[in-house]
Engineer: 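Before anything else, here's the structure in question.
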Amino acid sequence: MRTHQCGELRAEHIGQTVSLCGWVATRREHGEKLAFVDIRDHTGVTQAVVDNSVDVRAEYVVRVTGTVAARPGENLNDRLPTGAIELQDVVVEVLNAAEPPPFPINERADQVAEGTRLQYRYLDIRRERMQKNLRIRAAVNSAIRRSMEDQGFLEIETPMLVPSTPEGAREFIVPSRQQPGSFYALPQSPQLFKQLLMVAGIDRYYQIARCLRDEDLRADRQYEFMQLDAELSFGSQDDVFEAIGSAVVAAAEAAGQHAGEIVKITWHDAMNRFGIDKPDLRFGMELVDLTDVFATTGFKAFAGAAAIKGINATAKAEEYGRNKLDAMTDKAKKMGAKGLVWLKVAADGTLESPVAKFLSEGEQAAVKAALEAQPGDLLLIVADSWMTACEVLGTLRNDLGRPPVHEGPYRFVWVVDFPLFIGVDDVSGRPKPGHHPFTQPHPDDLHLLEIEPLKVRSQAYDLVFNGWELGSGSIRIHQPELQARIFGLLGISPEDADRRFGFFLNPFRYGAPPHGGFGLGIDRLVAILAGEENIREVIAFPKTQSGMDPMTNAPTPVDPKQLDDLGIRVLPPKA
RNA sequence: GGUCCCGUGGUGAAGUGGAGUUCACGCCGGCCUGUCAAGCCGGAGGUCGCGGGUUCGAACCCCGUCGGGACCGCCA
């Protein structure tokens, strides 16, 4: 039907007779005999000069056949790649008429309520922004596949109907018709299957896998999302970093971006310097340890604190008035801090603060030196347990300085040496696993398992991109004896372990190789590479925050007959 | 489960106790031979999300509810 696409024609095509197919983007009328019609497809627009008697309107689907001609005189359009030419002597065939769209099919629809865009997603996707995003996404998927295959990974599909495993995220469950009362679950990830593929001798597995979690939605979370899921045998953490890192770099390049260097930081350093396990390395404002500065302080709020840490919000003193500082203090308290001390550096270098009078001259000078304070700076200090001080200041640091997630230059970072356990369960008194209970402890810390479990590092790691967690992974436990030790620490009896994880762990008795892997969130990666702050912008048909689809109206009630087949009865809504 | 913000012709906004009022875009009709977000003239288009309350009077204040968004919890 067509000889070229709408963004393709240039001066070199002048004189050729061509046919274009697409949608009418705009129509500009100039009297009885002249109108300009812009024809759009996903490659761009081309102007056709038509007789004004031709009745085509916005979003009509047309085929135009005409002669490529240079635009006369002063009428070149520099803002348009096809702006040197136009189609003349045009025959317009209307392939389909169209009603006026509910919003303009151009960048002005960026201002339209997102719910309306989702209700008419097929029109929203017609726009350049969504075309670009979905094509970046396809390029990223393609580059990842190529990279993984080049590195010897084999793509294997794992099932979508899997057994329910109540640990971890809430699952979507699917009723079984043949066995009423029994249910499948949709996979939160292919975790179990990929580890069994290692037992099965696949050696290097990958999949661009759909994962589903019935947890509340966010800007960076949907019910269903895509992961680069990978697992390898006989390898170390560094082998995983190399494999995933190569794929990510290839993905960034495919999106026309540069990944930059992927650095590595330990979990402890990340917490200590940035107050968070997903540090955004694009800006400074690092946490500074002030414990020594106040070692002998007379200020009651600081005296005897396990850790005293501060940040310097450079030049923020004026911007943060009493109301904002009070709100910040409230937030710190909600996060568990006993309080928040703020100090403003005045023009003459003195510290303005309700608590300044409690700090000695020496302490004030030492604080200014430690935080490299300059006039106009806002200093924030928390004295508490090490963890609380870090977390509170890390949150304030992000609130004060974090740029939009998609802004460059990009900073990827591997966060390594996560603790094996995060704290102790209030009820049982047992340590709580930080990642999952199949995570291999750090070999240097094995002797601490029963003595000081909270000090044991794990071989678990995250990949962080501009402060977003892109994914996580670990080297897994492949030795049944070590697994039993971990279950013992967690208070899981051998009988419990067999009942809950037996189908997964029994195969490990038949020769499980050392193995580890990773799961990487593709939606988040693509969103950042596409310059979006929200993964819905890189998903063709996403759901709203309440899990609904305004286009299809899913979820909907189903026919009672269907429920009857499944042996399911729906309870009346709770009063 | 919680906190905060939003809901006004098709779209986006203004209106915050005094008449469904206003602006831009779009739409329909007319004019117009070089526009490119064309221009000019005219016109149509509304359950101010929904329900209740306060008031002489409510788009506006209060309560509830539905929908959308950001975040906390949650996401081993």
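Letters A, B, ... mirror the listed sequences (proteins, then strands); counts begin at 1. Remember, predicted model here, so these are calculated numbers, not experimental data.
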Engineer: Spell out yes or no: do the side chain of A:R218 and the base of B:rA70 have one donor N/O and one acceptor N/O closer than 3.5 Å?
Structural biologist: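 Under the 3.5 Å cut-off, the side chain and the base do not form any donor-acceptor pair.
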Engineer: Looking at every strand, decide which applies to A:A219 at a 4.0 Å heavy-atom threshold: base, sugar-phosphate, or nothing.
Structural biologist: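 The residue A:A219 makes sugar-phosphate contact but no base contact.
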Engineer: Does B:rA19 have a Watson-Crick or wobble partner in any strand here, with both distances under 3.5 angstrom, and which is it?
Structural biologist: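 WC or wobble partner does not exist here.
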Engineer: Test side-chain contact (heavy atoms from CB on, under 4.5 Å) on A:I528 and A:W468 and set out the steps.
Structural biologist: CA-CA 9 Å; A:I528 297 174; A:W468 269 13; 3.7 Å; yes
Engineer: Just to be sure I understand the rule, does A:E29 reach a base, reach only the sugar-phosphate, or reach nothing, if contact means heavy atoms closer than 4.0 Å?
Structural biologist: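 Counting heavy atoms under 4.0 Å across all strands, the contact made by A:E29 includes a base.
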Engineer: Only pairs with both distances under 3.5 Å count, Watson-Crick or wobble alike; so what is the partner of B:rG39 in this structure?
Structural biologist: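 Base partner found: B:rC31.
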Engineer: With P as the reference atom in both, quote the distance from B:rA19 to B:rA59 in angstrom, rounded to an integer.
Structural biologist: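 Per the computed distance, 9 Å lies between those P atoms.
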Engineer: Assess the side chains of A:E532 and A:N133: does a donor N or O sit below 3.5 Å from an acceptor N or O?
Structural biologist: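 There is such a pair (donor and acceptor under 3.5 Å, judged by atom type) between the side chains of A:E532 and A:N133.
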Engineer: Has A:K278 got a side-chain atom pairing as donor or acceptor with A:V415's backbone, closer than 3.5 angstrom?
Structural biologist: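 Not confirmed, A:K278 side chain does not pair with A:V415 backbone.
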Engineer: Heavy atoms under 4.0 Å, any strand shown: does A:E86 hit a base, just sugar-phosphate, or nothing?
Structural biologist: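 Base, at least one base atom sits under 4.0 Å.
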Engineer: Side chains of A:R524 and A:N466: is there a donor and an acceptor less than 3.5 Å apart?
Structural biologist: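 The answer is no; no qualifying pair exists.
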Engineer: Can you find a side chain N or O atom of A:S546 that sits less than 4.0 Å from OP1 or OP2 on B:rG68?
Structural biologist: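 True: A:S546 side-chain N/O within range (under 4.0 Å) of B:rG68 OP1/OP2.
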Engineer: Tell me which nucleotide, if any, is Watson-Crick or G-U wobble paired with B:rC25 when both distances must be under 3.5 Å.
Structural biologist: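 B:rC25 is paired, partner B:rG10.
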Engineer: When you measure from the side chain of A:R108, which nucleotide among B:rA37, B:rU11, B:rG34 comes out closest?
Structural biologist: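 Within the option list, the nearest is B:rA37.
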Engineer: Stacking between A:F36 and the base of B:rU35 (centre distance under 5.5 Å, interplanar angle under 30°)?
Structural biologist: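 By the stated criterion, A:F36 and B:rU35 stack.
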Engineer: To check you understand the geometry: which heavy-atom pair defines the closest contact between A:S189 and A:R213, and what is its length?
Structural biologist: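 Distance-wise, the nearest heavy atoms are CB-NH2, 4.2 Å.
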Engineer: Categorize A:Q111 for me: base, sugar-phosphate, or nothing, with a 4.0 angstrom heavy-atom threshold over every strand shown.
Structural biologist: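 Answer is sugar-phosphate: A:Q111 comes under 4.0 Å of backbone atoms only.
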Engineer: Could you check which of B:rG69, B:rC75, B:rC25 has an atom nearest any side-chain atom of A:Q545?
Structural biologist: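 Nearest to the side chain of A:Q545 among the choices is B:rG69.
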Engineer: Need one value for A:P550: base, sugar-phosphate or nothing, where a base atom within 4.0 Å counts as base even if backbone is also close, heavy atoms only.
Structural biologist: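 If one applies the 4.0 Å heavy-atom cut-off, A:P550 turns out to touch nothing in the nucleic acid.
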Engineer: For a quick test of reading the model: is some side-chain N or O of A:R79 closer than 4.0 Å to OP1 or OP2 of B:rA37?
Structural biologist: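 Answer is yes, contact under 4.0 Å.
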Engineer: Consider the side chain of A:V112, meaning its heavy atoms from C-beta on, and name the nucleotide among B:rC36, B:rC75, B:rG12 that approaches it most closely.
Structural biologist: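 The answer is B:rG12.
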Engineer: Side-chain donor or acceptor of A:N77 under 3.5 Å from a matching atom on the base of B:rC36?
Structural biologist: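 Side chain to base: pair present.
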Engineer: Both A:Q88 and A:F501 contact RNA chain B. Taking the nearest nucleotide for each, which residue is further toward the 5' end?
Structural biologist: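 The residue mapped nearer the 5' terminus is A:Q88.
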Engineer: Give a yes/no answer on whether the side chain of A:T544 brings an N or O atom under 4.0 Å of OP1 or OP2 in B:rG68.
Structural biologist: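 Answer yes for this pair, as a side-chain N or O of A:T544 is under 4.0 Å from OP1 or OP2.
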Engineer: Side chain of A:R71: nearest nucleotide among B:rC75, B:rG34, B:rC36?
Structural biologist: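 From the listed options, B:rC36 comes nearest.
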Engineer: What integer number of Å spans the C1' atoms of B:rG15 and B:rC72?
Structural biologist: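 That atom pair is separated by 34 Å.
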Engineer: Rounding to the closest angstrom, what is the interatomic distance between B:rC25 and B:rG67 at atom C1'?
Structural biologist: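 Rounded to whole Å, the distance is 25 Å.
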Engineer: Scan A:N534 against the nucleic acid and name what it touches under 4.0 Å (heavy atoms): base, sugar-phosphate only, or nothing.
Structural biologist: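 Sugar-phosphate contact only - A:N534 comes under 4.0 Å of backbone atoms but never of a base.
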Engineer: Under 4.0 Å, heavy atoms only, any strand: does A:G83 hit a base, just the sugar-phosphate, or nothing?
Structural biologist: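 No contact.
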Engineer: Can you tell me how far P in B:rG2 sits from the matching atom in B:rC63, rounded to whole Å?
Structural biologist: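 Looking at atom P only, B:rG2 and B:rC63 are 16 Å apart.
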Engineer: Which nucleotide, in any strand shown, forms a Watson-Crick or G-U wobble pair with B:rC75, with both distances under 3.5 Å?
Structural biologist: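 The answer is none; no pair meets the criterion.
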Engineer: Is there a Watson-Crick or G-U wobble partner for B:rC4 with both distances under 3.5 Å, and if so, which one is it?
Structural biologist: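 B:rC4 is paired, partner B:rG69.
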Engineer: Under 4.0 Å, heavy atoms only, any strand: does A:E74 hit a base, just the sugar-phosphate, or nothing?
Structural biologist: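 Answer is nothing: A:E74 stays at 4.0 Å or more from every strand.
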Engineer: Just checking A:R221: base, sugar-phosphate only, or nothing, at a heavy-atom cut-off of under 4.0 Å?
Structural biologist: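 Base, at least one base atom sits under 4.0 Å.
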Engineer: Hunt down the Watson-Crick or G-U wobble partner of B:rG64, both distances under 3.5 Å, from any strand shown, or write none.
Structural biologist: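 Across any shown strand, B:rG64 pairs with B:rC50.
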Engineer: Say you pick atom C1' in B:rG57 and the same atom in B:rU16; how far apart are they, in whole Å?
Structural biologist: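 Rounded to whole Å, the distance is 15 Å.
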Engineer: For RNA chain B, whose closest nucleotide is more 5', that of A:R524 or that of A:K543?
Structural biologist: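 This one resolves to A:K543.
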Engineer: Can you check whether A:R28 has a side-chain N or O nearer than 4.0 Å to OP1 or OP2 of B:rU33?
Structural biologist: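 The answer is no; no side-chain N or O of A:R28 sits under 4.0 Å from OP1 or OP2.
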Engineer: With distance as the sole criterion, is a donor-acceptor pair present between the side chains of A:T556 and A:N553 under 3.5 Å?
Structural biologist: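 No - no donor-acceptor pair under 3.5 Å links their side chains.
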Engineer: Report which part of the nucleic acid A:P104 touches: base, sugar-phosphate, or nothing (heavy-atom distance under 4.0 Å, all strands).
Structural biologist: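 Answer is nothing: A:P104 stays at 4.0 Å or more from every strand.
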Engineer: Does the cation-pi check pass for A:R397 over A:F283, that is, NZ or CZ under 6.0 Å from the six-membered ring centre and within 45° of its axis?
Structural biologist: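 Here A:R397 passes the 6.0 Å and 45° test against A:F283.
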Engineer: Which part of the nucleic acid does A:L76 contact within heavy-atom distance under 4.0 Å: base, sugar-phosphate only, or nothing?
Structural biologist: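 Base contact - A:L76 has a heavy atom under 4.0 Å of at least one base atom.
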Engineer: Whether the A:T158 and A:Q207 side chains hold a donor-acceptor pair (N or O, under 3.5 Å, no angle test) is what I'd like checked.
Structural biologist: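 There is such a pair between these side chains.
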Engineer: Check the distance between B:rA70's P and A:D220's CG and give it to me in whole angstrom.
Structural biologist: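 Rounded to whole Å, this separation is 9 Å.
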Engineer: Quick one: label A:R57 by what it contacts on the DNA or RNA (base, sugar-phosphate, nothing), any heavy atom closer than 4.0 Å.
Structural biologist: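 Here A:R57 touches the backbone only, sparing every base.
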Engineer: Is it true that A:D330 and A:K333 make a salt bridge, defined as a side-chain N closer than 4.0 Å to a carboxylate O?
Structural biologist: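 Salt bridge absent between A:D330 and A:K333.
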Engineer: Tell me: CD of A:E107 to P of B:rG26, nearest whole Å?
Structural biologist: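 These atoms are roughly 13 Å apart.
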Engineer: Looking across every strand, which nucleic acid part, if any, lies under 4.0 Å from A:R536 by heavy atom: base, sugar-phosphate, or nothing?
Structural biologist: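 The answer is sugar-phosphate, as A:R536 gets under 4.0 Å only of primed atoms, P, OP1 or OP2.
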Engineer: With no angle test and no hydrogens, is the base of B:rU35 tied to the side chain of A:Q47 by a donor-acceptor pair under 3.5 Å?
Structural biologist: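 Between B:rU35 and A:Q47, which were checked side chain against base, a qualifying N/O pair under 3.5 Å is present.
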Engineer: Is A:N52 touching bases, backbone alone, or none of the nucleic acid, heavy atoms closer than 4.0 Å?
Structural biologist: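 It contacts base atoms.
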Engineer: Partner lookup for B:rA58, please. Criteria are Watson-Crick or G-U wobble with both distances under 3.5 angstrom; report none if nothing qualifies.
Structural biologist: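 Paired with no nucleotide.
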Engineer: Would one find a side-chain N or O of A:Q188 under 4.0 angstrom from OP1 or OP2 of B:rC75?
Structural biologist: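 Answer no for this pair, as no side-chain N or O of A:Q188 is under 4.0 Å from OP1 or OP2.
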